[in-house]
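So that the names make sense, note that chain A is the first sequence line, chain B the second, and so on, each numbered from 1. These values consider heavy atoms only, across backbone and side chains, with no hydrogens, waters or symmetry-generated copies.
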Amino acid sequence: MSLKIYNTLTRKKENFSPITPSRITMYVCGPTVYNRVHIGNARPAVIFDVLYRILQTLYPRVDYARNITDIDDKIIMTSRRLNQDISEITERYSQLYIQDMDALHNLAPTFSPRATDHISEMLDIITDLVDSGYAYVADGHVLFSVASDSDYGQLSRRQSSELMAGARVNVASYKRNPQDFVLWKPSAPDDPGWPSRFGRGRPGWHIECSAMVKKHLGETIDIHGGGQDLLFPHHENENAQSRCTHNGRPLANYWMHNGFVNLDGEKMSKSLGNFRLVGDLLKVYPGEVLRYAILTAQYRFEQNFDYAILDAAKNSLNSLYRYLRAAENIEISVSIEVSSCRGVDALLDDLNTPLALSELHRIAKEMHSSCGTDQQILKAQLINLSGLMGLLQQQPEDWFQNDSGNLALTDDQIENAIVERKQAKLAGDYTTADIIRKRLEDDGVVLEDSRSTTTWRRR
RNA sequence: GGCGCGGUGGCAGAGUGGUUAUGCAGCGGACUGCAACUCCGUUAACGCCGGUUCGAUUCCGACCCGCGCCUCCA
């Protein structure tokens, strides 16, 4: 079975056909760094990380860029509010973003380009657009002229006439057309800015992605991803300006958009203020739990965030790691092809992660009740399939004992209590043994007796 | 107003024109000194109304409800 991707451009699920099989190119829109990211921001990072992993098994080289936008009016405002240097803010939140994404077990992208490192590339594109008549200068701004691009609206399927009706935005007087968007804007002396042929200024919102895509991945790339809310205007504009600088050739062949994470049925968003920060959640739940929870929903649909889904995710992972722990001594000598099994097929079918997750449970259960070569094969399948999703990659004991949210007792304290309890049990003093167990349980540590030993886990 | 998405058992969430996943939670039992874990069994669903069909949760049409984009946002 081959990889199928739902392409927003055609609104259809299509077979993935790369430009050059020897080098796959993928670009995903990352955050604007002026504060910490919430769980909704984490969704595309996790989803496209899974796609990145899958592509890596199918093709020899995958170049994946996930950008960081570090110049934006929101950042400037934050800088003024906190009375801190812009670079201080962008540096801090870039680091925190990378930290959070690492904690979710995302692989590092091939490139993590930053907008401010690409000002001259942006100006090259802008200059080209002006010189070829796709953009104009007005009142110190450089604007993209929507009317000059007959294909404008093809991605988001919006007609210019339709856009008028619900417009809530005040149209700047210097625009020839209300949909024209800013490529370059003038900076006041105390604003950050770069010299250019159009005067000292800074880039508009969409141009940074076009410049970074072109520089790191090329003119037309295979896959461009991001959240639903970026479809219009961000991706439409990105696509328009890029197409117009390369004779109509598209920016990307496949456009993918993930649905939102909702809170109480409403879109989680920074502007609404109804969000849960990844960093805060990580204090209570391991990153793998957040990851699993994100993957329980198919990426294109919205997902309601709730602590119940995190608790369920944690229990599900407990169950999988238990099976894995029971099979700890099973050697995987067989190498398993990453093909033709239900779980992999599910992933290849436009990233059906919920179905793939259910396969994980099926395989684990089957592994538990089989033996010999069958068991080895099933274990290999389990490791491989979960690896494609970035799950189950740690040692079971580490999973059970290194709970980030619960450090009431040290490992030594727990081990000592277990020894103490064992002695009580040997002496037939079950009352004391039960008191010890209860005491540990109150501190979130669960004991599991087997015939010979006692293992423990943090709840 | 334009464009778009969704409504499946207590919760999450796949899927299919007929045998109705999976996980979590619940219930009953086995196991256990008691538990935990594990195992066995089990309850329970397809928004509403029509149509097509031998048969629809699945196809078609209308309706109701929820959500999103059109302004910064993953």
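- Nucleotide B:rC34 has no partner under the Watson-Crick or G-U criteria, as no pair reaches both atom distances under 3.5 Å.
- A:His206 and A:His235 are not linked by any side-chain donor-acceptor pair at a separation below 3.5 angstrom, with hydrogens and angles left out of the test.
- A close approach under 4.0 Å does occur between a side-chain nitrogen or oxygen of A:Lys270 and OP1 or OP2 of B:rA74.
- With no hydrogens or angles considered, a side-chain donor-acceptor pair links A:Tyr285 and A:Asp311 at under 3.5 Å.
- Between A:Val261 and A:Arg276 the shortest side-chain heavy-atom distance does not fall below 4.5 Å.
- Relative to the side chain of A:Thr296, the nucleotides B:rC72, B:rG33, B:rA12 differ in distance, and B:rA12 lies closest.
- Between A:Arg322 and B:rU38 there is a side-chain polar atom (N or O) within less than 4.0 angstrom of OP1 or OP2.
- Look at A:Asn352 and you'll find a side-chain N or O under 4.0 angstrom from OP1 or OP2 of B:rG15.
- Heavy atoms of A:Val261 sit under 4.0 angstrom from at least one base atom.
- Atom CD of A:Glu302 is separated from atom C1' of B:rC5 by 7 Å (rounded to the nearest Å).
- In this structure, A:Arg276 reaches neither bases nor backbone, as no heavy-atom distance under 4.0 Å exists between it and the strands shown.
- Counting to the nearest Å, the P atom of B:rC69 and the CD atom of A:Gln228 are 10 Å from each other.
- Protein atom NE2 of A:His361 is 5 Å distant from nucleotide atom C1' of B:rG23, rounded to whole Å.
- Nucleic acid contact for A:Asn315: sugar-phosphate only, since backbone atoms but no base atoms lie under 4.0 Å from a heavy atom of the residue.
- In this model, the phosphate group of B:rG23 is approached by a side-chain N or O of A:Lys365 to a distance below 4.0 Å at OP1 or OP2.
- Contacts of A:Ser316 with the nucleic acid, taken as non-hydrogen atoms under 4.0 Å apart, involve only primed sugar atoms and P, OP1 or OP2.
- Of the candidate nucleotides B:rA74, B:rC69, B:rA35, B:rC69 has the atom lying nearest to any side-chain atom of A:Phe232.
- Across all strands shown, A:Arg362 has no heavy atoms under 4.0 Å from either base or sugar-phosphate atoms.
- A cation-pi arrangement is absent between A:Arg36 and A:Tyr97, since the terminal nitrogen or guanidinium carbon is not both under 6.0 Å from the aromatic centre and inside a 45° cone about the axis.
- Between A:Ser319 and B:rC24, a side-chain N or O to OP1/OP2 separation shorter than 4.0 Å is present.
- Nucleic acid contact for A:Gln298: sugar-phosphate only, since backbone atoms but no base atoms lie under 4.0 Å from a heavy atom of the residue.
- Contact annotation for A:Gly40: base contact, defined as any heavy-atom pair under 4.0 Å involving a base atom.
- When heavy atoms are screened at a 4.0 angstrom cut-off, A:His38 is found touching base atoms of the nucleic acid.
- Counting any heavy atom pair closer than 4.0 Å across all strands shown, A:Arg300 reaches no nucleic acid atom.
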Inset, instruction - Verify side chain to side chain donor-acceptor pair (under 3.5 Å) between A:Tyr299 and A:Asp350, making sure each step is shown before the conclusion. - result: CA-CA 9 Å; A:Tyr299 77 91; A:Asp350 196 34; 2.6 Å; yes
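- As judged by a 4.0 angstrom heavy-atom cut-off over every strand, A:Gly259 is placed among the base-contacting residues.
- In this model, no donor atom of one side chain and acceptor atom of the other lie less than 3.5 Å apart for A:Glu288 and A:Trp399.
- In the interface, the side chain of A:Lys267 is not paired with the base of B:rC67 through any donor and acceptor atom under 3.5 Å apart.
- For A:Lys12 and B:rC5, the NZ to P distance is 14 Å, given to the nearest whole Å.
- Across all strands shown, B:rG1 forms a Watson-Crick or G-U wobble pair with B:rC70, both key distances being under 3.5 Å.
- For B:rA35, neither phosphate oxygen OP1 nor OP2 lies less than 4.0 angstrom from any side-chain nitrogen or oxygen of A:Lys438.
- Close to B:rC39, at under 4.0 Å from its OP1 or OP2, lies a side-chain N or O of A:Tyr323.
- In this structure, A:Tyr430 reaches the bases: a heavy-atom distance under 4.0 Å links it to at least one base atom across the strands shown.
- Here B:rC34 is the nucleotide among B:rG23, B:rC34, B:rG2 with the atom lying nearest to any side-chain atom of A:Asp434.
- No side-chain N or O of A:Tyr152 forms a donor-acceptor pair with one of A:Asn239 less than 3.5 Å apart.
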